[in-house]
Colleague: 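Take a look at this one; I'll ask things after.
Ligands are counted one by one from 1 in listed order, and the atoms in each one are counted from 1 as well. Heavy atoms only: backbone and side chains are in, while hydrogens, waters and symmetry mates are out.
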Amino acid sequence: MNMPRSLLEEVMTVSLRRGILYPSAEIYGGLAGFYDFGPIGTRIRNNLIHLWKTQFVEARDYVYEISGNTILPSQVFKASGHLDHFTDPSAECSKGHVTRIDQLIEELLKIPAEGKSNDELANLVMEHKIRCPVCGEPLRGVKSFGLMFGTNVGGDRRQAFLRPETAQNIFLGFKRVQTAMRAKLPFGVAQIGRSYRNEISPRQSIVRVREFNQMEIEYFIDPRSLNECPFFDMVSNVSINLVTREEQNKAAEKSSTDYSSTQLTVKEAFEKQFVPNQWMASILGDEMIFFQQLGIPAEIIRFRHMRPEETPHYSGGNFDLEIQFSFGWKEVIGNAYRRDHDLQSHMKGSQKELSIEVEGEKITPHVVEPSFGIDRILYAILEHTYRPKDKSRGWSWFQFPPNLAPYHAVILPLLNRPELEEVAKEIYEKSRKMGLAVLYDDRGRIGRRYARADEIGIPKAVTIDPQTLDDDTATIRNRDSASQTRHSLKKIPSFLHPSKQK
Ligand code: ATP
């Protein structure tokens, strides 16, 4: 009997077939937890990054973007605490399979396990006789597994590490950016780039991988002005779903991780002190505005106030943006009020001054950090915009919002006739000159070509047919409704612009 395929399997089948993403070094069998983005995935990813930059960097004259290296000397991570503390709990079976045990416990027992001590986890393993998910053998003991990837640099083989987050470059370059840009508090430093973690159990496509991409901002704030966020008024009426610690405690009493959330505005979240300061409240609202553009419904987005055991001791409050996937709720953005921990740690580690003078007073800025995972957000978009084939359409497709779609339109000459191809090429070139991303496809039956375009979520298909030669019109097929309307050739490129599409 054929088992029904999971949504993840369906999404991955189309993604592999259509060059969205595929395992790295696939022809050699690859390595778990590494994926490449193909031509279509790269375009979607670039669009996502563009949307992010437009909202969070370009629209704010106090946010500066940097681009730092991924290999950094070991002292950086000694000072940041990653070398000593950046671990996940693991358990091994007699056959040598190593598993991330807190997550396995959460899945099997449906109780929160992240942040529990190794002893507590080991007790749960024994009590519930939890076995290896790969081979079914009993699991033995629980150990901390370091997530840092190490390497050696140069002839003297100096020890270095691949960064596990983009944030550290921002703290290291803080003083340089501040002086070069003559930046006054508050200001933000943003970075988009790769991060590396030797995850114990990579899985769920690009949701948990060992090399991934982040978009992070460190907002440096005068600790006396944490309740004066410059964009608060812009977001204060935005509605957010918040899972409070109280709600999580209530659920824990019932041994459940099924949390309900409270819907409130950013202003209410701040005024009722659900969040530590106005900056944090504003960031959550800003993220909701960003997510409105991604095709992910607001009802399946929530902010969870992390429990104390999931939060580092220096944190003034962490609020993860979680999305409901087919396999459960998962963090896609970590929001953390880090106080002055990072700058203080690097001052201690490097013996360099990272405080700044504000009106004659020495200040170590406090930091509020939103940390977006590009890959997880991309997978969320794939899952939530995926439409399986049905009676009306014999193929599956993606309903990407127009500004995320890999192309704005595909241009299709109906038949292989030079006079049709000539007009199609003209429209194609004219659209490109107008800055539109268009694809030209003249191969195969027209139905197949519509299917191929739908499968990579192209919102519009322009078909040049024999009638075009008579009356200078062509059809535009709408991906979502599959309906076709005729338009004059002159007007077609402007109709393809994303601002003209839903
Ligand atoms: P998790 O608890 O799921 O491992 P985390 O709390 O360690 O995540 P953060 O350190 O807060 O994650 O990282 C910020 C963001 O970076 C996450 O919200 C996620 O989107 C992304 N991210 C972190 N680890 C990975 C990974 N292994 N693969 C893909 N994305 C990741």
Side-chain angles (χ1 to χ4, degrees), residues 21 24 31-37 41 45 48-49 52 77 80-82 85-90 99-107 112-116 144-149 162-168 170 190-218 257 283-284 287 290-291 294 296 301-307 309-312 315 317-323 325 327-338 341-342 367-383:
L21 54 105
S24 304
L31 274 174
F34 293 91
Y35 280 89
D36 285 358
F37 286 93
R45 188 172 71 159
L48 176 67
I49 291 172
W52 189 86
F77 299 112
S80 68
H82 284 95
H85 305 295
F86 198 50
T87 59
D88 277 333
S90 68
T99 301
R100 173 135 178 215
I101 193 64
D102 55 340
Q103 282 180 351
L104 185 64
I105 289 174
E106 285 190 358
E107 277 164 25
E114 198 178 329
K116 285 196 188 296
S144 296
F145 182 95
L147 299 178
M148 299 292 289
F149 273 114
L162 279 75
R163 65 182 184 195
E165 57 182 18
T166 65
Q168 291 308 317
I170 298 178
Q191 190 174 196
I192 299 166
R194 290 184 179 266
S195 299
Y196 302 82
R197 298 183 189 179
N198 196 8
E199 294 282 350
I200 305 167
S201 309
R203 65 220 186 111
Q204 287 147 347
S205 165
I206 47 172
V207 168
R208 187 171 301 284
V209 276
R210 289 171 166 148
E211 176 173 346
F212 55 99
N213 304 271
Q214 292 181 308
M215 308 185 278
E216 296 191 298
I217 308 178
E218 309 302 319
T257 48
I283 284 170
L284 307 189
E287 290 171 2
F290 180 68
F291 269 75
L294 308 187
I296 301 172
I301 300 176
R302 72 185 188 189
F303 292 96
R304 185 164 71 82
H305 190 181
M306 307 304 284
R307 298 185 308 276
E309 63 272 27
E310 297 172 293
T311 311
S315 166
N318 283 21
F319 294 80
D320 282 359
L321 185 151
E322 298 184 332
I323 291 183
F325 290 85
F327 37 81
W329 289 90
K330 272 264 164 298
E331 167 192 343
V332 304
I333 305 176
N335 295 297
Y337 170 33
R338 304 181 61 85
H341 171 78
D342 307 275
V367 164
V368 183
E369 171 200 78
S371 172
F372 292 62
I374 296 180
D375 309 72
R376 280 192 197 172
I377 296 175
L378 273 176
Y379 183 75
I381 294 167
L382 290 177
E383 216 183 85

Colleague: Closest approach of Ala113 and Glu106, non-hydrogen atoms and distance?
Modeller: N-OE2, 2.8 Å
Colleague: Tell me if a side-chain donor or acceptor on Arg210 pairs with a main-chain N or O of Glu199 at a distance below 3.5 Å.
Modeller: yes
Colleague: Can you pull out the closest protein heavy atom to atom 4 (O) of ligand 1? Residue, atom name and distance to 0.1 Å, please.
Modeller: Arg208 NH1, 2.8 Å
Colleague: Would you mind telling me if ligand 1 is within reach of the side chain of Val207, the backbone, both or neither, using heavy atoms under 4.0 Å?
Modeller: backbone
Colleague: Using a 4.0 Å heavy-atom cut-off, which part of Arg197 comes near ligand 1: side chain, backbone, both, or neither?
Modeller: side chain
Colleague: Checking contacts here: is it the side chain or the backbone of Gln214 that comes within 4.0 Å of ligand 1, counting heavy atoms only? Could be both or neither.
Modeller: side chain
Colleague: If you measure from atom 22 (N) of ligand 1 to every heavy atom of Phe86, Tyr196, Phe212, Tyr35, which option wins on shortest distance?
Modeller: Phe212
Colleague: Strictly by modelled atom types, are Asn335 and Glu287 linked by a side-chain donor-acceptor pair under 3.5 Å?
Modeller: yes
Colleague: Parallel under 30°, tilted from 30 to 60°, perpendicular over 60°: which one fits the rings of Phe149 and Phe34?
Modeller: tilted
Colleague: Applying a heavy-atom cut-off of 4.0 Å, say which part of Asp375 lies close to ligand 1: side chain, backbone, both or neither.
Modeller: neither
Colleague: Does any donor atom in the side chain of Glu216 or Ser371 lie under 3.5 Å from an acceptor atom in the other side chain?
Modeller: yes
Colleague: Closest non-hydrogen protein atom to atom 14 (C) of ligand 1, residue and atom name please, with distance?
Modeller: Ser371 OG, 3.1 Å
Colleague: Looking only at heavy atoms, is any part of Ile333 under 4.0 Å from ligand 1, and if so is it the side chain, the backbone, or both, or is it neither?
Modeller: backbone
Colleague: May I ask you to list the atoms of ligand 1 that are less than 4.0 angstrom from any heavy atom of Gly334?
Modeller: 18 (O)
